[in-house]
Trainee: 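Questions regarding the structure given below will be posed in turn.
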Protein chains: 2
Amino acid sequence: MDLEDEIIMLPGPVPVAPRILRAMSRPMINHRGEEFKEIFGRIEKGLKEIMQTENDVFVLSGSGSCAMEAAISNIIKNEKILTIVNGKFGDRFHEIAKRYGDPVPLEYEWGDPIEPDDVRRIVEEEKDLKAVAMVHNETSAGITNPAPEIAEIARENDLLFIMDGVTSIGGIDVRVDEWGVDIAVLGSQKCLGMPPGLSMISVSERAMDRMVESPPLYMDLKAYKKSADKGQTPYTPALPLFYALDEAINIVMEEGVDARIRRHTHLASMVRDAVKEWGLELFPRLNDVSRYSNTVTAIKMPEGISADELRSRAKKMGVVIAGGQERLKGKIFRIGTMGNIREKDVLMVLEVVERVLRG
Amino acid sequence: MDLEDEIIMLPGPVPVAPRILRAMSRPMINHRGEEFKEIFGRIEKGLKEIMQTENDVFVLSGSGSCAMEAAISNIIKNEKILTIVNGKFGDRFHEIAKRYGDPVPLEYEWGDPIEPDDVRRIVEEEKDLKAVAMVHNETSAGITNPAPEIAEIARENDLLFIMDGVTSIGGIDVRVDEWGVDIAVLGSQKCLGMPPGLSMISVSERAMDRMVESPPLYMDLKAYKKSADKGQTPYTPALPLFYALDEAINIVMEEGVDARIRRHTHLASMVRDAVKEWGLELFPRLNDVSRYSNTVTAIKMPEGISADELRSRAKKMGVVIAGGQERLKGKIFRIGTMGNIREKDVLMVLEVVERVLRG
């Protein structure tokens with residue numbers, strides 16, 4: 001089997017367009033020179049448009065988890081933070097927060113919807129909270145959480161709102177400034193359609209003013225800000241991935257951010273329609289269709305086939321889909337619809353899965 | 001000017017061989033699947049040979065500074081560490097150590113040699129030291145520090161020895177096990193001849209046994225160890241850079257580690273000979289020629305031309321060389337001899353620099 005003939009429909013990494021792959025093969029440059037500064041400037045401008053913000057946006061050479069940790073470690077030092085958990089990545093925020101302060105968890109079953117009223121109650125009860133952290137799009141369960149509502153509650157109570165937008169920004173409507181997201185985090189190998197290895201983080205002035213001293217050096221956002229003023233990163237950037245990001249942003253701009261979000265919405269609805277036709281059930285039980293993720297669809301495993309068998313038979317046909325993670329292992333399978341994929345790709349993937357399910 | 005026509009003779013990033021650039025354009029794979037596990041296994045085996053160790057070796061998706069911080073943050077928590085400083089990167093170790101514990105600095109002028117007797121004296125005087133951190137090859141000053149001697153002193157006093165080998169390993173003889181280096185750190189964009197974006201870290205059992213609880217999550221070496229047993233990384237790896245590393249290791253193995261070190265030694269001696277012919281002075285004043293770095297040569301700026309002018313005129317001719325950093329800005333210039341470059345490249349660079357110096 002030739003790997004170049006496979007399509008990976010994971011909730012990241014995603015298939016990468018040849019244009020972006022080719023961009024990585026440009027030769028190295030001095031990351032303290034003029035050429036890098038130009039790339040840096042274009043990337044900054046593009047990311048602000050994609051994230052719909054005038055806030056500072058920094059690029060870290062590290063995965064989404066690195067940026068999630070940057071968000072928490074710059075804000076919390078032996079302080080309290082509300083961590084809202086309804087899946088694996090909410091749990092990761094909680095695990096990170098434990099390393100820096102005193103997280104107060106609001107926990108749901110994985111895949112259950114987050115209720116703003118629950119958040120409001122805890123925020124009003126708990127003394128000395130400094131921030132609220134939530135995952136916008138919880139890929140582990142295929143659910144999109146109510147970010148504007150939670151941002152508003154945080155704002156009303158003068159708390160900072162930290163949002164993991166790793167798998168939403170660029171594919172699901174996110175308005176950092178309009179909603180009032182103090183820190184938003186984005187990953188390269190998701191809706192931007194890039195390889196993994198970079199993460200991006202936007203930081204409001206309000207958040208910048210309330211930062212702690214001495215976070216991890218590699219994640220020190222004040223150092224990123226100081227370097228950004230010179231069009232540089234504080235530590236050596238992963239140059240090929242910056243070239244890729246530059247090209248990935250070009251592709252987003254050619255399509256347009258709104259059109260891109262509409263495309264993601266359409267592709268996910270194709271998957272949900274197929275699930276219905278197959279007589280299967282979506283994993284999260286939601287009344288509101290807008291809460292189903294438009295970047296990954298989580299589907300309950302039917303009787304008669306195991307998740308491993310489904311995935312390995314689809315892989316033999318050249319389609320890579322995801323299983324469940326941790327407590328959801330064996331219980332669900334997941335189909336990603338992220339990045340630069342098209343209707344024809346989703347049609348092919350759905351045909352393959354249907355064939356495997358029929359046996 | 002076409003960037004593809006430039007040669008960057010920096011102490012990293014370095015020119016990247018087309019074979020390695022092409023390797024990055026392979027399509028994405030599932031980083032939790034079999035294909036990644038195979039790459040992971042090959043990389044692990046190759047790095048152990050290059051680092052001359054049987055210790056665990058982990059690859060971080062982050063720059064050399066990320067791995068330096070991983071080294072310190074996993075070992076020190078409100079504890080004392082001796083940080084030996086004779087250049088910018090020694091200083092960085094000290095700055096990182098301040099964020100996690102109580103560093104005791106042993107400071108020299110940048111570029112002055114580190115004397116093992118000084119280290120022995122402090123180690124015997126200071127109570128409760130847990131570790132010693134030193135940069136093996138200090139690129140800011142063009143000097144190689146006496147790692148085997150310092151490792152021995154650490155071992156005799158039951159201290160952990162943390163060594164930044166970012167710009168030495170793969171180009172200068174390093175024997176992690178023979179010397180007794182508990183933690184050694186390596187960067188991708190240096191002697192391995194790769195793009196920037198990855199760093200590698202070897203960890204002895206002794207170091208693993210003395211690790212602190214709750215270092216930064218992204219740098220948690222116990223998590224890396226747990227995932228390595230499955231042929232995985234704990235967080236999504238920067239896949240294209242792993243492909244590049246796989247190919248970079250192939251190139252190292254084809255050449256042979258010893259032959260590679262001999263080549264680096266020869267190329268640096270070519271630069272030092274030219275400096276002598278030009279009537280210029282090497283920056284560090286050393287009695288022992290083996291202490292001059294074989295991966296970067298630091299040269300005092302002569303009268304009559306500024307560092308900026310030298311660099312910009314060389315760049316116009318297609319050759320990128322480095323200036324001095326921070327307190328050495330304007331006082332020195334530096335020529336890197338790292339990675340997969342050949343005699344002809346160094347000859348060309350020296351001819352260009354000579355022509356510029358002659359005016």
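Every chain is numbered from 1, with letters handed out A, B, ... down the list of sequences. Remember, predicted model here, so these are calculated numbers, not experimental data.
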Trainee: Shortest non-hydrogen contact from A:G62 to B:Y218?
Mentor: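 Residues A:G62 and B:Y218, closest heavy atoms: CA-OH, 3.3 Å.
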
Trainee: Which answer fits A:P18, side chain, backbone, both or neither, if we ask what part of it has an atom under 4.5 Å from a heavy atom of chain B?
Mentor: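 Contact with chain B involves no heavy atom of A:P18 at all.
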
Trainee: Which one wins on heavy-atom pair count under 4.5 Å against chain A: B:A244, B:S25, B:G197?
Mentor: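 Highest number of heavy-atom pairs under 4.5 Å: B:S25.
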
Trainee: Is chain B contacted by the side chain of A:P216, its backbone, both, or neither, given a heavy-atom distance below 4.5 Å?
Mentor: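 Both the backbone and the side chain of A:P216 come within 4.5 Å of chain B.
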
Trainee: Where does A:L10 contact chain B at under 4.5 Å (heavy atoms): side chain, backbone, both or neither?
Mentor: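 Interface part for A:L10: side chain.
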
Trainee: Quick check: closest heavy atoms across A:P234 and B:R92, and the distance to 0.1 Å?
Mentor: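 That would be O-NH2, 4.4 Å.
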
Trainee: Could you measure the distance from the OG atom of A:S63 to the OH atom of B:Y235? Nearest 0.5 Å is fine.
Mentor: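 A:S63 atom OG to B:Y235 atom OH measures 8.0 Å (nearest 0.5 Å).
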
Trainee: Which bit of A:F242 comes within less than 4.5 Å of chain B, counting heavy atoms only: side chain, backbone, both or neither?
Mentor: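 No part of it gets close to chain B.
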
Trainee: With the side chain counted from C-beta on, respond yes when B:L21 and A:M28 share a heavy-atom pair under 4.5 Å apart, and no when they do not.
Mentor: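 Counting from C-beta outward, B:L21 and A:M28 do come under 4.5 Å.
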
Trainee: Tell me, out of A:S188, A:P15, A:S65, who's got the most heavy-atom pairs with chain B below 4.5 Å.
Mentor: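 Heavy-atom pairs under 4.5 Å are most numerous for A:S65.
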
Trainee: State, with a plain yes or no, whether a side-chain heavy atom of A:L239 is found less than 4.5 Å away from one of B:P195.
Mentor: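 With C-beta onward as the side chain, the pair stays apart.
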
Trainee: Less than 4.0 Å between a side-chain N and a carboxylate O, is that true for B:R99 and A:E213?
Mentor: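 Salt bridge absent between A:E213 and B:R99.
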
Trainee: Relative to chain B, which segment of A:S73 carries a heavy atom at a distance below 4.5 Å: side chain, backbone, both, or neither?
Mentor: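 No part of it gets close to chain B.
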
Trainee: Report the C-alpha distance between B:M24 and A:R22 in whole Å, list the side-chain angles of each, state the deciding distance to 0.1 Å, and finish with yes or no for side-chain contact (heavy atoms from CB on, under 4.5 Å).
Mentor: CA-CA 9 Å; B:M24 286 192 293; A:R22 280 195 300 269; over 6 Å; no

Trainee: Flag the pair B:E34 and A:K315 as a salt bridge only when some basic side-chain nitrogen lies within less than 4.0 angstrom of an acidic carboxylate oxygen.
Mentor: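 Result for this pair is no, no salt bridge flagged.
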
Trainee: Minimum heavy-atom separation for B:L217 and A:E69, please, with both atom names.
Mentor: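 Looks like N-OE2, 2.6 Å.
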
Trainee: Which atoms of A:L241 come close to chain B, meaning under 4.5 Å heavy atom to heavy atom: side chain ones, backbone ones, both, or neither?
Mentor: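 Just its side chain gets close to chain B.
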
Trainee: For B:K98, give me all partners under salt bridge (Lys or Arg N to Asp or Glu O under 4.0 Å), at least two apart in sequence or on another chain.
Mentor: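 Result, salt bridge (Lys or Arg N to Asp or Glu O under 4.0 Å) vs B:K98: B:E95.
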
Trainee: For the NZ atom on B:K77, are there more than 12 heavy atoms of other groups (residues, nucleotides or ligands in this structure) within a distance under 6.0 Å?
Mentor: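 Result for NZ/B:K77: enclosed.
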
Trainee: Do you know which of A:A238, A:P215, A:P196 has the most heavy-atom pairs under 4.5 Å to chain B?
Mentor: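 Ranked by heavy-atom pairs under 4.5 Å with chain B, first place is A:P196.
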
Trainee: Any side-chain heavy-atom pair from A:T236 and B:Q189 closer than 4.5 angstrom?
Mentor: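 They are in contact (side-chain heavy atoms under 4.5 Å apart), so the answer is yes.
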
Trainee: Just how far is it from atom SG of A:C66 to atom CG of B:L60, taken to the nearest 0.5 Å?
Mentor: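 The CG atom of B:L60 is 9.5 Å from SG of A:C66, to the nearest 0.5 Å.
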
Trainee: How long is the gap from OG on B:S61 to CG on A:L198, to the nearest 0.5 Å?
Mentor: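 Rounded to the nearest 0.5 Å, the OG-CG separation comes out at 10.0 Å.
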
Trainee: Any side-chain heavy atom of A:N30 within less than 4.5 Å of one from B:R311?
Mentor: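 Of all side-chain heavy-atom pairs linking B:R311 with A:N30, at least one is under 4.5 Å.
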
